[in-house]
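To keep things clear, I will list the structure first and then write my remarks on it.
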Amino acid sequence: EDAKTPLGIGSSVMGLQTVAVLATIGLTGHATLVNIVYSGRIFWVVAVDYWTGGEGIRRFFLFRLAGATMLLGAVVLVIWK
């Protein structure tokens, strides 16, 4: 019972993300570029986890931030190429 609300909210957010990405691809016709830009969401995930998480999450913040930075570097390399 207690898990229904968080699961409903999480599912709704994921559904909205999917609709937004598909609509953007449909409007622009550039699936690869939309996917590359969409991968930048990792920074928002790291930030939200840090602000809402407890000590367990904050302990690994720098590791997650380093991973997000590497992913951003890869995105920049792909776009720049």
Side-chain angles (χ1 to χ4, degrees):
E1 289 290 321
D2 291 336
K4 285 183 181 179
T5 300
L7 285 174
I9 293 170
S11 298
S12 298
V13 170
M14 289 178 67
L16 287 173
Q17 275 184 222
T18 303
V19 169
V21 169
L22 291 175
T24 305
I25 291 170
L27 291 172
T28 64
H30 299 288
T32 304
L33 183 58
V34 170
N35 192 30
I36 290 169
V37 171
Y38 179 68
S39 68
R41 76 191 184 283
I42 189 70
F43 281 106
W44 289 109
V45 172
V46 171
V48 169
D49 281 352
Y50 180 77
W51 288 320
T52 61
E55 281 299 313
I57 291 175
R58 290 191 177 131
R59 214 173 343 157
F60 297 105
F61 174 72
L62 291 178
F63 292 112
R64 296 188 73 192
L65 186 60
T69 303
M70 286 189 279
L71 179 61
L72 179 65
V75 168
V76 169
L77 286 174
V78 168
I79 291 174
W80 200 351
K81 182 183 175 188

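Nothing fancy with the numbering, it's 1 onward along the sequence. Heavy atoms only: backbone and side chains are in, while hydrogens, waters and symmetry mates are out.
Taking the side chain as every heavy atom from C-beta outward, Val34 and Thr28 approach each other to under 4.5 Å.
Here Asp2 contributes atom CG and Leu7 contributes atom CG; the two are 11.0 Å apart, rounded to the nearest 0.5 Å.
Residues Leu71 and Leu65 fall within the same hydrophobic cluster, defined by Ile, Leu, Val, Met, Phe, Trp and Tyr side chains chained together at heavy-atom separations under 4.5 Å.
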